[in-house]
Structures are given as C-alpha cells and as structure tokens.
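The block underneath contains the structure these notes are about, expressed in structure tokens.
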Amino acid sequence: MSFSESQDLETATTAIQSQPDNKTRRYDRQLRLWAASGQSALERARVLVISASALSTSLLKNLVLPGVGHFTILDHHATRPSDIGNNFFLDPDASLGRNRAEEAVRLLGELNDGVEGHADTRDIADVLALGAEYFSGFTLVIAVNLDPSLVEQLSTLLWQDAACPPLIVVRSAGFIAEFFVQFHEHDVIESHSETAPSLRIDKPFPELLDHALQLDLEHMDPTDHGHIPYVVILVRALEDWKREHGGSPPTTTADKRAFKDAVSALQRHQDEENFSEAVANAYRAYTTTGVPSNVQALFDALPDQLSPARPFATLVAALQEFTKQPPYALPLSATLPDMKSDTESYVALQKMYGRRAEKERGVFRELVNKLSAETGSVIARDVVDLFCKNAHGLFGLQGKRWGDLDTSRERLVELLAASPRETATHLALSALSTWLARHSVAHAQSNGSAHPNSQTSNTELRPTEEDLLALVQGALGDGVELGKEVQDAVGEAARAPTADLPNVAAFMGGLVAQEAIKMITKQYVPINGHCVIDLVDTWTGVINA
Amino acid sequence: MAAVDVQRVNGTSHVGDWPDRYYHVDQVLDRPGPRTDPSFMAGDGVKDFLRNQCKILVIGAGGLGCEILADLALSGFKDIHVIDMDTIDISNLNRQFLFRPKDVGKPKATVAAEYVMKRVPGTKVTPYYGKIQDKDDDYYMQFNLVICGLDSVEARRWINATLVNLVDPENPESLKPLIDGGTEGFKGQARVILPTVTSCYECSLDMLNKPTAFPICTIANTPRLPEHCIEWASVLEWPRVQGDKKMDTDDPEHIQWLYNIASARAKEFKIEGVTWQLTQGVVKNIIPAIASTNAIIAASCCNEAFKIATSSAAYLNNYFMLIGTDGVYSYTFEHEKRSDCPVCGGESLEVSVPRSWTVERLIEMLVEKQDIQIKKPSLSTATAQIYFQAPKQLEEVTRPNLEKLVSDLVPDGGDITVTASSLPFSLSLRITYV
C-alpha cells in the first residue's frame with residue numbers, strides 16, 4: 001500500500017480523523033481498489049441493459065451493489081414461469097405475468113437505496129427506430145442475447161460517433177458464452193500496474209548521485225553502514241564501476257556477475273541486510289531505464305494532429321517530448337518502495353525522490369501547457385499530475401466494431417488455427433444466433449431468451465448439430481476443415497440453444513460487470529476483443545479481433 | 001394471479017416446482033453434450049438425484065457464500081446446509097447481496113438461509129451459526145458435496161484435513177468432493193479437491209501469498225512506512241498501555257486509539273500516510289472484495305458442484321485461476337498432489353537443518369516455512385516429548401528443551417511428529433543434519 005502524495009506531512013499528521021461515515025464504511029472493501037475517484041465515476045454512470053434475463057440481472061446486481069448511479073432495463077416481455085425459475089431477481093409470489101423489466105428493477109433496487117433504477121417497457125425494435133439520442137444518455141450500453149439483426153442496428157448506431165457510449169454484446173447458450181466490448185478509444189491512466197516504476201539507479205539525478213558519492217563507505221560507523229538504503233549502495237557501486245570501466249556500465253554476463261561480486265564485497269558481514277538487498281537488486285543498476293513498451297505504443301499511435309477533443313493524446317505527446325530530453329526516461333516517481341534502512345536515511349531518500357519528482361512534474365506541466373496552448377486544449381492540473389504520477393502504467397486501447405471479426409473469412413480461418421477452441425466457441429455462438437433468428441417466432445426472439453412459453457414447442461427451436469455446422473462452414477468458406485473444437489462447441493450450442501443456466505449467468509454477470517466497472521472508472525485495463533468462456537472444461541480466452 | 005402455480009406439478013413431483021421452472025437447466029440435463037461422460041443418466045434419473053437426494057454443505061455465508069447459496073438453489077439443489085460463525089457488518093453490504101442494512105448484527109447463516117428460501121421456493125436451506133470445528137465426522141458424512149467460500153486459511157486447512165481423514169477406502173460414499181473458492185480484488189480461484197485422490201488444500205499451501213510480516217526491530221527502532229507505525233501501535237503499545245484488555249478490531253474506539261498512537265509515532269519520525277482506513281486495513285488484514293469477482297468464483301464453484309452431482313459435463317481437473325486486473329486472464333491446470341503432504345501424502349517431509357539449531361529455532365522455521373505454516377507447533381519423537389504448547393504443566397516441563405540443540409535430541413534421519421491444536425492432523429518430519 002502506498003501513501004497518498006497529495007497529502008502533505010502537516011495534514012497527514014495533525015488532522016486527526018475519526019471513523020468514516022456509513023457510506024464510506026459500506027463501500028470500504030471496494031474503495032481500497034478504485035478509491036474515491038473510481039467511486040465517483042461509478043456514481044455518475046448511467047447503464048442501460050437490454051433484456052431482464054437471468055444473465056442481465058446477475059450482471060446488474062454486481063453494478064447496483066457497488067453503487068452505480070443509474071440503471072435502466074429495457075424489456076417489453078411479461079414474466080414467464082421459466083423466467084422465475086432461473087432468475088433470482090424475479091419474485092415467485094408476484095412477478096408472473098408482469099413486465100420483466102419492472103419486476104427486475106423493483107427487486108434489484110432493494111439491494112441499494114443509493115441507486116436509481118428505471119424500467120423501460122418498450123420493444124427494443126421500436127426504441128432503435130428512434131435513433132441514437134436515447135442511447136447517448138447512457139455511459140454504457142449492454143445487450144444480452146439480443147437478436148443479431150438488432151445487435152447489428154444497435155452497434156452501427158453507437159459506432160457512428162465516438163461520443164456514443166461503449167457497447168457490450170453478450171451471448172450465451174448452455175455451458176458456452178462470450179462477450180465483446182465495442183469502443184473507439186479507451187484511455188487508462190490508473191491501470192494499477194503491478195510493474196513498479198523505475199528507481200532510475202542507472203540514471204541517478206544529481207542530488208542522489210552527489211549523496212551516494214559523498215559516502216565514506218570504508219570509514220563509516222558500523223550502524224550507519226548497515227543502514228544505507230540499497231538504492232544508494234547501487235548508485236555508488238555503479239559509479240565506481242563506471243569509473244574503472246571507461247564510463248561503461250556492466251553489459252556482458254561476465255560484467256554483470258563481476259558487478260554483483262563488487263557489491264557483495266562491500267558487505268562487511270552477513271547481517272547487513274541492506275547489502276543483501278543491494279545484491280538481490282543489482283539488476284536494477286545495469287538495466288537501462290527507458291520508455292516502457294506500453295508507453296512507447298502510445299507514442300507510436302499518436303495522431304498527426306492533436307485535438308482538444310482528445311486531451312489524453314495531448315498528454316501523451318507532452319510525455320513524448322519529456323522523454324526526448326535527458327535522461328530519456330519518464331518523469332521520476334515519488335514512490336519509494338520499502339528497503340532495509342534506518343528511519344532517518346530512508347525518509348531522507350524519500351524526500352530526495354519527492355523533490356526530484358516534483359521538479360520533473362513541473363517540467364512536464366510546462367510541456368503540457370505549451371502543447372495545450374497550441375492545440376486549444378484545456379486540461380485540469382490534477383489530471384496532468386495524475387497522468388504524470390501514473391506515467392509508467394498508461395494504456396491506450398484502440399477498439400473495434402462489433403462484428404468486424406466475422407467480416408473476414410481469412411482472419412477467422414487464421415484465428416481458428418491459432419486459437420482453435422476460443423474461435424470455435426465464437427463461431428458456434430454466431431451460428432446459433434443466426435439460426436435462432438431465422439427460425440424462432442420473431443416477437444419472442446427480440447429480447448432475452450428466445451423461447452416461447454411452452455416447453456412442448458422446444459424441439460422446434462432446437463437446431464441440429466448439422467444445421468450449426470453448415471452455418472459455421474458458411475462463415476469460414478468451403479474447404480476449411482472443422483476440427484474437434486468446432487464439433488465440441490457446436491455440440492454444446494445445439495444441446496442447450498436457449499438455456500440461460502444460473503451458474504453461467506452468474507459467471508458471465510461477474511465477468512461483464514468487472515469490464516463495465518473498468519470501462520466506467522477508467523481504472524484497470526479492460527479486454528480488447530472477444531472474451532470467450534467454456535464452463536464444460538472451465539476456461540476463458542480472449543480473441544483479439 | 002401473479003404467483004406461479006405450484007400445484008400444477010406433473011411427472012415426478014418435486015415440492016414447489018411448477019411447469020417450465022427448470023426450462024433452462026433441463027436443456028443440459030435432458031441430453032448429453034459431445035464431451036459428456038457416457039455414464040450420464042439424462043432425464044428423470046439425474047433430475048431426481050439433484051433435486052430429491054443430493055445434500056450439499058456450504059461453508060461460509062459471506063461474499064462467496066451468498067452467491068453460492070443463490071446459484072445452488074437456482075440450479076436445483078434443494079437440500080442445502082450452511083455454516084457461518086459471523087454476524088453481518090455494514091462493510092459486507094457492497095457485495096453480500098442477501099443482507100440489508102436492517103440485518104446488520106444478525107447471524108449471516110440464518111439471514112442468508114431465510115432469504116434464499118423465500119426467493120427460491122421449495123429449497124430447504126438449513127443454517128448453522130457457529131464454527132465448523134463444532135461439528136463431528138458424522139455431521140460431515142451426511143453430505144454428498146462440500147463447497148467452501150472462506151477467507152480463512154486455518155478453516156480451510158481444518159475442513160480439508162477433516163474430509164481427507166473421513167475417506168474410508170472400503171466405503172466410496174465417504175469420499176466427499178470439496179470445492180474451494182477464494183477472491184482478492186479482481187482476482188480469484190476455484191478448485192475441485194477429491195480427498196486422497198487429487199491434490200488437496202494442504203498440498204498447495206506454498207501457493208499462498210506470503211503474509212506481510214514486519215520484523216519487530218523495524219517496528220520498534222527503524223520505522224519507515226505508515227504500516228510500521230500502525231504495527232507499533234497494535235503490537236507493542238496496545239499490550240503495554242492496555243494490559244490484558246483484548247484488542248477488538250471491530251470496535252471503532254479501538255481502531256481510533258491505534259490510529260491516534262500510530263499518527264503520533266508517524267509525526268515523530270516524519271513518516272507520511274497514516275490514515276484511519278489504513279490503520280483499520282493493517283490491523284484487520286483487510287482484503288479488498290467486490291461483488292463481481294465473488295460472482296465469478298462462486299458461479300465457478302457451483303458449476304463444478306452441478307457437474308459433479310449430475311455428470312452432465314466433466315468437472316474441473318482441478319484448479320482455475322482468474323486475474324481480471326489487465327483484461328481477462330485465466331489459467332486452468334492440474335495442481336499436482338504432493339507425496340510429502342502432511343494431510344494426504346503419507347510420506348515424511350524431509351527437513352535438513354544445521355547441527356547448531358536449537359529446538360526454538362526449529363519451531364521458528366515451522367511457523368514461517370511456506371509449505372508448513374504451523375502456528376504454535378508441539379514436537380515429539382516416538383519415544384520422547386520435545387516441546388508441548390499445552391497443557392500448562394506439560395509446557396513448563398518441556399520448556400527447558402527449547403534451548404537444547406535438536407541434534408542432541410533427535411538422531412540424524414530421525415522423525416519428529418509435529419501437532420497443533422488448530423489442525424486435525426500431525427506432520428511427520430524426517431530430520432537430517434548439514
């Protein structure tokens with residue numbers, strides 16, 4: 001756990017806090033993940049879910065509990081006995097025959113007073129006919145087991161303008177399922193990357209270097225010697241090495257071993273844990289600090305022209321400018337990991353890093369100001385600082401349109417060879433969706449699970465494996481061999497074509513809610529592509545379209 | 001008019017069922033899939049077992065437990081038992097969806113059971129508000145399956161060892177599949193344990209994250225992090241100032257006291273970052289938890305239970321791990337059984353120690369070593385007691401041995417039996433000297 005940098009020493013130690021309020025206590029376990037900023041994004045969010053199926057309410061439950069601002073369920077169907085059988089948020093004593101959306105909204109609402117729920121009982125087909133405006137009022141739209149032609153309409157509508165909300169398309173049948181997140185661009189500043197930022201031991205800033213060089217290692221008092229932070233030891237050892245090697249750091253394997261031995265030789269006795277840490281971290285001294293690949297990818301993807309509509313790009317461009325100057329690295333992070341040392345030396349080092357980080361942040365701010373002025377962007381200072389602080393973990397995802405994957409036979413064939421079971425599952429679900437749309441009663445199909453009221457007509461709604469295999473073959477083209485993976489996936493789809501199994505609904509509800517939270521909070525990194533699951537063999541996979 | 005007609009039952013009748021109730025689940029019970037085992041009895045046979053005969057135990061009615069109970073009930077399990085020793089806290093409400101603000105302070109097991117029975121008619125959920133250790137072998141023998149949604153390593157080790165010990169090779173019914181789930185933030189895992197057949201919980205003890213422990217000298221002399229100041233308040237200052245008064249980490253006044261002390265210490269040492277929340281997090285060892293991750297892991301556990309109970313599909317062999325922080329990453333693999341596992345392995349664990357080690361040093365190692373982690377171990381050989389933690393008189397008699405060399409008490413290649421009151425098994429160590 002790291003401390004908050006924005007909190008200065010004075011407020012941290014004099015303002016005595018007391019037990020947090022009820023709301024903070026209620027959300028404590030999630031605030032430890034996405035903090036107040038994530039929570040406030042979640043509370044501002046408006047989510048639309050199309051259909052009140054078991055999968056839909058499972059996923060909404062996971063958004064209502066953490067406190068999403070608003071949700072709407074769009075569903076014009078009356079509750080059937082089968083709906084009550086698999087949906088925890090329909091009431092066996094009251095819901096039968098009533099509108100599914102209204103009933104589900106009522107029962108989901110009981111989970112959290114702070115959340116606003118709304119039932120829209122219109123037919124999605126009618127709402128789509130009204131155009132994009134309705135959907136623009138939402139932060140995120142999620143379509144669950146929706147008829148393929150309606151998904152096509154909806155995804156086209158939401159793709160035409162980058163200001164339209166992202167769309168998550170979810171499909172399931174028995175033990176298999178998949179979902180896809182459609183978005184133009186998604187920027188992540190707070191990725192919560194587990195890769196620690198560089199301590200820049202190989203490129204020490206002047207104050208750190210001076211401090212390391214001033215140490216009289218030979219004559220130092222034994223207590224002090226045993227408490228030099230390993231960062232300082234390594235900076236010193238590296239400088240000594242470079243002096244003896246014409247200014248070059250250790251490069252070959254033999255060099256590196258010799259460097260480690262040199263660090264080891266500085267240790268006066270085994271009990272000096274700070275020196276053991278230095279030996280263990282020696283690689284940090286001979287690993288060149290540069291621009292991490294995730295950040296380089298952002299530089300490479302920068303547009304030719306910056307626009308005020310994309311402040312993230314302006315920030316990235318400023319960061320690139322920053323890295324073009326010595327020491328050709330990202331702004332220094334003020335966060336220092338714990339290391340063996342005494343309080344005084346550690347706090348002094350922490351302050352040193354803090355001062356330098358502050359200085360580099362200032363340089364970065366100026367670069368941002370300059371670019372903002374040129375492009376006419378207005379970027380709040382706290383956003384600039386947040387960006388700077390998280391520079392090593394930045395991500396920028398370029399999304400795709402729903403359905404893109406299925407437009408290229410060549411690509412599908414390639415993917416089937418590269419990720420057979422994942423691609424096969426996607427193909428089976430596509431084939432099933434196409435088959436159901438062609439064969440079922442149009443009205444019952446248009447929303448949620450596609451089955452009619454009576455079980456007796458089930459058989460009419462069941463494709464054979466051959467039906468689905470023919471559709472898969474059609475998608476891939478003649479001559480492509482359909483292997484075991486396709487047979488397995490198609491077999492499960494044909495076995496349970498309209499089954500929204502409670503466990504699969506809950507599993508998917510959890511996965512989709514996780515991605516929804518990541519999209520809404522812009523924290524952590526969402527998937528880019530199709531996420532496919534198979535709960536026969538219990539695996540998940542991602543196909544990067 | 002709006003209630004489902006529970007009277008219109010046809011065929012093999014099940015209490016509370018209505019036509020089409022299992023429209024969805026029946027699609028996978030009426031016919032096999034391509035990967036289904038040939039022994040699968042599609043149709044009424046399997047439905048009758050699931051709905052009328054199968055008895056399942058859920059351990060934990062918290063974050064995972066609430067989800068597990070709902071999933072099992074909707075899947076058609078009708079005889080569910082649930083054990084939980086906790087009462088409901090306000091911080092549970094962001095994910096434990098069977099509880100409301102009015103339920104704060106009530107037992108989790110009872111409230112959860114009532115809620116599920118109301119929402120899924122015909123399901124019988126029998127709650128027990130207490131500890132798993134209160135129950136004996138006969139109790140555990142009555143179930144077909146056990147699912148764990150626990151946050152305690154100790155409790156998991158206990159139930160795992162209990163179910164392994166229960167296995168009688170002469171009686172196939174004595175083998176109770178154990179399905180275990182766990183989550184932390186956006187990460188989680190689910191696994192299937194067939195006691196004595198597959199790798200057990202104890203076999204994988206070294207996969208646990210090492211708990212963060214700060215050396216006492218850092219806490220006392222060289223604090224650097226806010227956590228060090230908080231540990232100073234709770235580990236050193238609380239007993240010094242409060243004497244025998246027990247620290248209750250659920251009591252806000254106690255947290256406030258610790259926070260005040262830690263803040264003062266931080267100020268003295270110019271350390272930043274001691275907050276109320278951090279203080280609470282450190283002393284309670286709080287693990288972040290969200291509804292969505294619990295939903296995934298609980299569903300995975302229940303899906304395995306459903307597949308085992310029905311044979312409608314092969315079950316997990318044997319470990320599913322999920323990481324949702326960067327995209328969706330999961331890994332399904334077979335965790336290997338350990339032949340020197342103290343619970344299911346049968347072989348002694350080989351331990352090589354310096355001849356200079358005292359008994360006390362050996363005990364320290366047993367507490368810390370990742371694949372052993374036995375708090376308060378008692379040690380003996382076949383012929384002598386080395387050190388016993390309890391009863392008091394035995395502790396006093398054996399205490400002088402703590403300072404003796406292990407090599408003076410146990411020959412090279414000799415065995416030491418390690419026991420602990422918290423664990424229903426003993427560990428056999430084969431000692432060699434280096």
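There is no contact between Asp30(B) and chain A, counting heavy-atom distances below 4.5 Å. Of the atoms belonging to Val536(A), heavy atoms from both backbone and side chain fall under 4.5 Å from chain B. The contact between Arg100(B) and chain A is made entirely by side chain atoms (from C-beta outward), counting heavy-atom distances below 4.5 Å. Using a 4.5 Å cut-off between heavy atoms, Pro32(B) touches chain A through its backbone atoms (N, CA, C, O) alone. Heavy atoms closer than 4.5 Å to chain A are found nowhere in Ile255(B), neither backbone nor side chain. Heavy atoms of Asp537(A) lying under 4.5 Å from chain B belong to its backbone as well as its side chain. If you measure heavy-atom distances from Phe306(B) to chain A, the contacts under 4.5 Å come from the side chain alone. Only the backbone of Leu90(A) comes within contact range of chain B, with at least one heavy atom under 4.5 Å from a heavy atom of that chain. Glu67(B) touches chain A through its side chain: at least one heavy atom from C-beta onward sits under 4.5 Å away, while N, CA, C and O do not. Of the atoms belonging to Thr279(B), not a single heavy atom falls under 4.5 Å from chain A. With a 4.5 Å cut-off on non-hydrogen atoms, Lys340(A) touches chain B through its backbone and its side chain both. Only the backbone of Ile287(B) comes within less than 4.5 Å of a heavy atom in chain A; its side chain stays farther off.
Of the possible donor and acceptor atoms, one in the side chain of Tyr259(B) sits under 3.5 Å from a partner among the backbone N and O of Gln17(A). A donor-acceptor pair under 3.5 Å links the side-chain atoms of Trp18(B) to the main chain of Pro81(A), judged by distance alone. Gln19(A) contributes no side-chain N or O that, together with a main-chain N or O of Gln256(B), makes up a donor-acceptor pair within less than 3.5 Å. Looking only at distances, no side-chain donor or acceptor of Arg95(B) sits under 3.5 Å from a matching main-chain atom of Leu65(A). Side-chain atoms of Lys61(A) never come within 3.5 Å of backbone atoms of Ser292(B) as a donor-acceptor pair (strictly under, hydrogens ignored). Between the side chain of His24(B) and the main chain of Asp500(A), a donor-acceptor pair closer than 3.5 Å is present. Judged purely by atom type and a 3.5 angstrom limit, Lys518(A) uses its side chain to pair as donor or acceptor with the backbone of Gly324(B).
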Requested in this report: Please test Val347(A) against Arg224(B) for side-chain contact (heavy atoms from CB on, under 4.5 Å), starting from the C-alpha separation and ending with a verdict.
Outcome: CA-CA 7 Å; Val347(A) 171; Arg224(B) 298 175 298 269; over 6 Å; no
Query raised in the report: Step by step, would you call Glu110(A) with Arg119(B) a salt bridge (charged side-chain N to carboxylate O under 4.0 Å, His left out)?
Result: CA-CA 13 Å; Glu110(A) 290 176 2; Arg119(B) 200 51 76 72; 3.8 Å; yes
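Taking chain B as the reference chain and counting heavy-atom pairs below 4.5 Å, the highest number among Gln487(A), Arg495(A), Arg29(A), Glu344(A) is found for Arg495(A). Chain B forms more heavy-atom pairs under 4.5 Å with one residue of Val542(A), Asp342(A), Thr540(A), Asp28(A) than with any other, namely Thr540(A). Counting heavy-atom pairs under 4.5 Å between each of Ala496(A), Ala54(A), Gly491(A), Pro497(A) and chain B puts Ala496(A) at the top. Per-residue counts of heavy-atom pairs under 4.5 Å with chain B were compared for Glu465(A), Gln523(A), Met339(A), Lys484(A); the largest is that of Met339(A). Annotation: maximal heavy-atom pairing with chain A below 4.5 Å, among Asn317(B), Thr325(B), Asp326(B), Asn92(B), occurs at Thr325(B). Your options are Trp539(A), Phe89(A), Phe175(A), and the one with the most heavy-atom pairs under 4.5 Å with chain B is Phe175(A). Between chain A and the options Val328(B), Asn294(B), Leu316(B), the largest number of non-hydrogen pairs under 4.5 Å is found for Val328(B). Chosen from Thr24(A), Asp113(A), Leu107(A), the residue pairing most often with chain B at heavy-atom distances under 4.5 Å is Leu107(A).
The shortest non-hydrogen separation linking Asp338(A) to His228(B) is OD2-CE1, 3.4 Å. The nearest pair of heavy atoms linking Leu74(B) to Asn87(A) is CD2-N, 4.2 Å.
Remark: Ile290(B) CD1 to Gln30(A) CD distance equals 8.0 Å, nearest 0.5 Å.
At most 12 non-hydrogen atoms from other residues, nucleotides or ligands lie less than 6.0 angstrom from OH of Tyr315(B). With a 6.0 Å radius and a threshold of 12 heavy atoms from other residues, nucleotides or ligands, Asn260(B) has its CG atom above the threshold.
For Gln514(A) and Thr293(B), the side-chain atoms include at least one donor-acceptor pair closer than 3.5 Å. In the model, Thr538(A) has no side-chain atom that pairs as donor or acceptor with a side-chain atom of Asn303(B) under 3.5 Å. Tyr27(A) and Ser91(B) form no side-chain donor-acceptor contact under 3.5 Å, judged by distance and modelled atom types alone.
Phe88(A) and Phe97(B) have perpendicular rings, their planes meeting at more than 60° on a 0 to 90° scale where under 30° would count as parallel.
A salt bridge links Glu194(A) with Lys187(B); the closest basic N to acidic carboxylate O contact falls under 4.0 Å.
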